[in-house]
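Notes follow the structure.
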Amino acid sequence: MSILNADLHCHSVVSDGTLTPEELAARAASNGVELWSLTDHDEIGGQHRAAAAARAQGLRYLTGTEISVTFAGETVHIVGLGFDPADEGMRQGLEQTRGGRGGRAREIAAGLATAGIPGTYEGALKYVGNPALISRTHFARYLVETGVCKDTAEVFRRYLTEGKPGYVPHRWAALKDAVRWIREAGGVAVIAHPARYKFTANEEYALFTEFKAHGGRAVEVVTGSHTVAEYARYADTAREFGLAASRGSDFHSPGESHTDLGQLPFLPAELTPVWDLLADRIQ
Ligand code: AMP
Ligand code: MN
Ligand code: MN
Ligand code: MN
């Protein structure tokens with residue numbers, strides 16, 4: 001059933017969002033969301049709170065996470081939905097994936113210091129809700145607070161993306177491992193916001209082909225980081241590869257995110273919604 005206000009992608013203070021799981025559940029409910037998932041980066045520490053808050057709000061809930069993966073030299077995000085959060089393989093895989101973030105953050109700060117901006121490691125830490133999950137977003141918030149840039153988009157453009165002084169190359173999880181952790185924990189793997197990757201047509205084809213071969217089953221079609229033309233494009237890709245489709249705002253913060261929870265268009269009616277694959281995992 002495509003006509004369901006499902007929002008299966010957002011972030012809390014457990015990763016790089018600014019709201020608690022409880023605040024997100026309340027916001028989702030008041031925006032009319034019917035099925036929700038909290039998908040913190042490389043982390044499931046918020047799942048118990050999110051599921052309990054969803055229950056309190058009368059929202060249906062799927063467990064979630066967004067795993068950082070390195071594929072063809074680029075960072076790709078794989079959302080996992082409906083897995084068992086107690087699964088040991090999943091827990092260990094995520095712990096390993098986020099393990100490099102502390103050292104990477106020190107290197108980001110060193111790069112920014114070279115560009116004449118000192119003290120950013122300590123500054124970013126003020127915005128971190130989970131010490132195991134320091135992200136570029138926390139640096140971006142600090143650089144906005146201190147007036148170095150006017151918004152986080154400018155920080156990424158000038159300082160935190162490839163070729164810029166605070167950019168640190170990093171090797172995240174392998175695609176096949178991320179998909180396997182999700183699958184073996186009983187969940188469904190979803191390629192997040194595919195239009196955001198700087199892949200050639202061949203590389204993108206390889207991503208979808210390998211994802212599918214590893215047991216991945218869905219792709220985000222309607223997301224806060226796609227244009228309307230990109231909804232149509234990835235609806236075609238979903239059909240071409242026989243993948244189900246997902247819908248999620250990728251909401252991070254009231255001040256920063258241009259797409260709020262539950263406000264996107266519905267999925268195109270002819271696609272199989274990812275929640276149809278997860279009917280028995282909905283809480
Ligand atoms: P990290 O996992 O530390 O590399 O941080 C990635 C996060 O940074 C993403 O999940 C987004 O929340 C945020 N991000 C990435 N690119 C941008 C951008 N151009 N503008 C604003 N936020 C961004
Ligand atoms: Mn993020
Ligand atoms: Mn992402
Ligand atoms: Mn996200």
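Numbering starts at 1 and runs along the sequence shown. Both ligands and their constituent atoms are indexed starting at 1 by order of listing. Because only heavy atoms are used, hydrogens play no part in the values below, and waters and symmetry mates are left out as well, while side chains stay in.
For atom 14 (N) of ligand 1, the nearest protein heavy atom (residue, atom name, distance) is Phe156 CZ, 3.2 Å. For atom 6 (C) of ligand 1, the closest non-hydrogen atom of the protein is Arg136 NH2, 3.8 Å. Nearest protein neighbour of atom 12 (O) of ligand 1, counting heavy atoms only, is His252 NE2, 2.9 Å.
Taking the ring axis of Tyr61 as reference, the NZ or CZ atom of Arg55 does not stay both within 45° of it and closer than 6.0 Å to the ring centre.
Looking at Asp16 and His252, their side chains do bring a donor and an acceptor atom within 3.5 Å of each other. Using modelled atom types and a 3.5 Å distance limit, the side chains of Glu220 and His193 yield no donor-acceptor pair. Looking at Ser135 and Thr137, their side chains do bring a donor and an acceptor atom within 3.5 Å of each other. Side-chain polar atoms of Ser225 and Asp250 form no donor-acceptor pair below 3.5 angstrom.
The heavy atom nearest to atom 1 (P) of ligand 1, out of those in His77, Arg104, Glu256, is found in Arg104.
With salt bridges taken as basic N to acidic carboxylate O contacts below 4.0 Å, none links Arg247 and Glu34. Between Arg101 and Asp42 there is a salt bridge, since a side-chain N of the basic residue sits under 4.0 Å from a carboxylate O of the acidic one. Using a cutoff of 4.0 Å between basic side-chain nitrogens and carboxylate oxygens, Asp260 and Arg27 are scored as salt-bridged. Between Arg196 and Glu230, at least one side-chain nitrogen of the basic residue sits less than 4.0 Å from a carboxylate oxygen of the acidic one, meeting the salt-bridge criterion. Taking a cutoff of 4.0 Å between a charged side-chain nitrogen and a carboxylate oxygen, Arg49 and Glu22 qualify as a salt bridge.
Under 4.0 angstrom from ligand 1, there are no non-hydrogen atoms of Arg157. Looking at Thr75 against ligand 1, nothing comes within 4.0 Å, counting heavy atoms.
Of all protein atoms, those that are N, O or S and lie under 2.8 Å from the Mn ion (ligand 4) total 4.
Contact annotation: Glu66 has no heavy atom less than 4.0 Å from any atom of ligand 1.
Aromatic rings from Phe251 and His11 are positioned such that their centres are separated by 6.0 Å or more.
Listed by number with element, the atoms of ligand 1 under 4.0 angstrom from any heavy atom of Arg101 are 1 (P), 2 (O), 3 (O). Here is the list of ligand 1 atoms found below 4.0 Å of a heavy atom in Thr137: 7 (C), 8 (O), 12 (O), 13 (C). Using a 4.0 Å cut-off to heavy atoms of Ser135, the atoms of ligand 1 that qualify are 3 (O), 5 (O).
Backbone and side-chain nitrogen or oxygen atoms of His41 are examined, and one is located within less than 3.5 angstrom of a nitrogen or oxygen of ligand 1.
Ring pair Phe199/Phe71 is perpendicular by interplanar angle, where above 60° counts as perpendicular and below 30° as parallel.
Nearest N/O/S atom of Asp16 with respect to the Mn ion (ligand 2) is recorded as OD2.
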